[in-house]
Each structure stands twice: as structure tokens, then as C-alpha cells.
Amino acid sequence: MPELPEVETVMRGLRERLEGRVIRRAAAHRPDLRWKLPEGFARQLTGARVRGFRRRGKYILMRLDGGRSVLLHLGMSGRIVLRRADQAEPAGLHEHLVLETDDGWRVGFVDPRRFGAADLVATGEEDTHRLLAGLGPEPLEPGFDAATLSAALAGKRTPIKAALLDQGVVAGLGNIYVCEALFRARISPRRLAASVAGRRAERLVPAIRSTLTEAIAAGGSSLRDYVQPDGELGYFQHAWKVYGREGERCERCPGPPDCAGIRRIVQSGRSTFYCPRTQR
DNA sequence: ATACGCCCCTGGTGGC
DNA sequence: TGCCACCAGGGGCGTA
């Protein structure tokens, strides 16, 4: 689930609750997430003060004192659950990691599918971690522009949809926001990546930016199990123009008989939604 | 170097 | 009601 806007929202929720706090207790209920947790993961968190947070692509980094940072990825079904520690509920189903703060909050990482991951990395060396080293530019930072993007796409003989899902091209996009950004940019998801240059790249960059920025402002998109750490639902799913809207009339089109509506195709095993009439 | 299918895992949904 | 196929926001890995 969680793409950049959801990860950003979760990271902000964690920051609000955890920054400056001391981790009183930490527990890992099972070590087999996407990868095995590092030896002594929970022990190394215990007693540390949380210094700060940042996001890189779909990864959350929690900097601790003592020279270590926690790296967290939510996978497809990962979420953070915050509640008061004194409510003394047992760990919920699939609550694999639990922290308790010195001011009485309990932070749970819940991930039924266990595609999520957590690791420890030396503070200051986060970006050289094997999972972060290959990431492309942050789409919301100034360095991400049409020239950068077309350079990354140059020579790629894969559909633009697949190229944008490649975290090495740009970090943080996933299936929903790629579909939405391509719709905004009026670019067909089937177009050869290398052919997205010039004016198309000039359209795509602001389309990606505005999609992500608006989604963050909405608290992300909630479907299935995604909620913000405080339990609030994001509401950007109501602003989706094409994702999940197969057969509906696209807002740029007159509808039947001139246009058959939004179409769903499968590209590299994932659903793509687009308007064949206005996306070229 | 690159690109695609497969796999990891659980749960929800819709059809029969 | 029950079973089952299919689908889901991710991404690494082996193979061509």
C-alpha cells in the first residue's frame, strides 16, 4: 500500500509522538519480516532517545542517540498503531514490533503480509545502506526536474509505467500514484520510457509533484488497512482520477459513444488504469 | 546492463 | 454457508 504520501504521513505521525522521547521498552515478536531482523534489534533500541525522523523514498528513518538509526519499510500492508501503554492490551494479531516511550505511549508495527522490513544502520551512513543506496531522486525536492527525469529514462525500452515504478528512477512512487501522475500529464502508461523527454517530461514532473503534494495534504489514501498513526483515515482516494475506476467516464472525456471510459490493463503483473483517449 | 516472471505472505471479495 | 480463484498499496532475485 503505502507509497510516498502514506509513508510521509506515517513518518510525521511518528515524529509527533516519538521525537525527543526515550524508548523505555522494545520488543520484536517475530524476526521474520521481509528479512530477518538484525540480532538484538529490540535490545539495541531500549533506552535510546529518539532524535529525529526523515523519509527516503518509501523508507522511514528514525535517528536514535548512540549513533544508530532504525530503518523501516511498510511493505504492502504495514501500518503503525499508536495507543496509550497503560491500556495494557496484548499485542494485536500481526503486531510484530512494539515500542513504549517514557511518556506512556505504545507504538506498534502491524504488518499481516510481512513484506515490510526493519533494520539498524549507523547514523550518517543511512544512505549507503543496501536498501537505500540505489534510490533515485526525491520527487518533491528541487533536484528533481525534467532534465533529471529524462536523463534517467533515456535508453529505457520499458513502458513509462514500469520505469516510474522503478525506485532507482525516482523514489517513492507506487502503483496508484504512477497511474494518477500519468493521467495528469496526459501520458500513456504504455509509452516507451525513453520517449518521455522534452515537453512530456516537462509535464510529467509537475504532475508527479502535484499528485504527491495533494495526497500528502489529504493524509494519504486509505483503502483496506491504511490509517494514519492516530487512527485517522487519509482521504486522497476520493481524489483519484483513474485508479480503480475502470469503465467510468474520465473527467476530460464526454463519455460514450465517443469514449469507452477509463481502461484497466496489466503491465508487469500490476493493474494500470488510464484514459486511452487523452493519454498519449 | 537490462527486463521480465516468480516469489515472499495474509486477507478480503465475489462467483458458483 | 462453503470453497476457491483472484486480487491487493512492494520489491528482490534468478533467469534470459
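The sequence lines fix the lettering, A, B, ..., with proteins before strands; numbering per chain opens at 1. Worth knowing before you read on, the calculation uses all heavy atoms, side chains too, and leaves out hydrogens, waters and symmetry mates. Since this is a predicted model, take the numbers as computed values, not measurements.
OP1 or OP2 of C/dG10 sits under 4.0 Å from a side-chain N or O of A/K58. A sub-4.0 Å separation between OP1 or OP2 of B/dT10 and a side-chain N or O of A/H94 is absent. Within the 4.0 Å cut-off from OP1 or OP2 of B/dC4, at least one side-chain nitrogen or oxygen of A/T158 is found.
Atom CG in A/L165 sits roughly 9 Å away from atom C1' in C/dG10 (whole-Å rounding). Between A/L131 atom CG and C/dG11 atom P the separation is 10 Å, expressed in whole Å. Rounded to whole Å, atom P of B/dC9 lies 16 Å from atom NZ of A/K36. Atom CG of A/D166 is separated from atom P of C/dG12 by 10 Å (rounded to the nearest Å). Separating the CZ atom of A/R55 from the C1' atom of C/dG10 is a distance of 16 Å, rounded to the nearest angstrom. For A/L192 and B/dT2, the CG to C1' distance is 13 Å, given to the nearest whole Å. Summarising the geometry, the separation between CD1 on A/I60 and C1' on C/dG10 is reported as 14 Å, rounded to the nearest angstrom. A/L153 has its CG atom 15 Å from the C1' atom of B/dT2, to the nearest Å.
Shown here, B/dT10 forms a base pair with C/dA8; the pair counts as Watson-Crick or G-U wobble because both key distances fall under 3.5 Å.
Between A/G269 and A/L93, the one whose closest nucleotide on DNA chain B sits nearer the 5' end is A/G269.
The nucleotide whose nearest atom lies closest to any side-chain atom of A/Q167 is, among B/dC4, C/dG11, C/dA8, C/dG11. Taking only side-chain atoms of A/R34, from C-beta outward, the nucleotide of C/dA8, C/dG10, B/dA3 with the closest atom is C/dG10. For A/R270, counting side-chain heavy atoms from C-beta on, the closest listed nucleotide (C/dG12, C/dG10, C/dA8) is C/dG10. With distances taken from any side-chain atom of A/R113 to the nucleotides C/dA8, C/dG11, B/dG11, the minimum falls on C/dA8. Side-chain proximity of A/S271 to the nucleotides C/dG10, B/dC4, C/dA8 is greatest for C/dA8. The side chain of A/F115 lies closest to B/dC9 when the candidates are B/dT10, B/dC9, C/dG11. The side chain of A/W35 has C/dG12 as its nearest neighbour among C/dC7, C/dG12, C/dG11.
Side chains of A/T272 and A/Q267: a donor on one and an acceptor on the other come within 3.5 Å. Between the side chains of A/T123 and A/R63, no donor-acceptor pair of N or O atoms lies under 3.5 Å.
A/R157 comes within 4.0 angstrom of the backbone, heavy atoms only, and of no base. Within the nucleic acid shown, A/F236 has no heavy atom closer than 4.0 Å to any nucleic acid atom.
Side-chain contact between A/H73 and A/W35: absent, with no pair of heavy atoms (C-beta onward) separated by less than 4.5 Å. A/F236 has its side chain out of reach of A/I216: every pair of non-hydrogen atoms, C-beta onward, lies at least 4.5 Å apart.
Taking CZ of A/F53 as the reference point, atom CE of A/M11 lies at 8.5 Å (rounded to 0.5 Å).
The cationic atom of A/R84 (NZ for Lys, CZ for Arg) lies less than 6.0 Å from the six-membered ring centre of A/W105 and within 45° of the ring axis.
Across the P atoms, C/dG11 and B/dA1 are found 23 Å apart, a figure rounded to whole Å. Comparing B/dC6 with C/dC6, their P atoms sit 14 Å apart, to the nearest whole Å.
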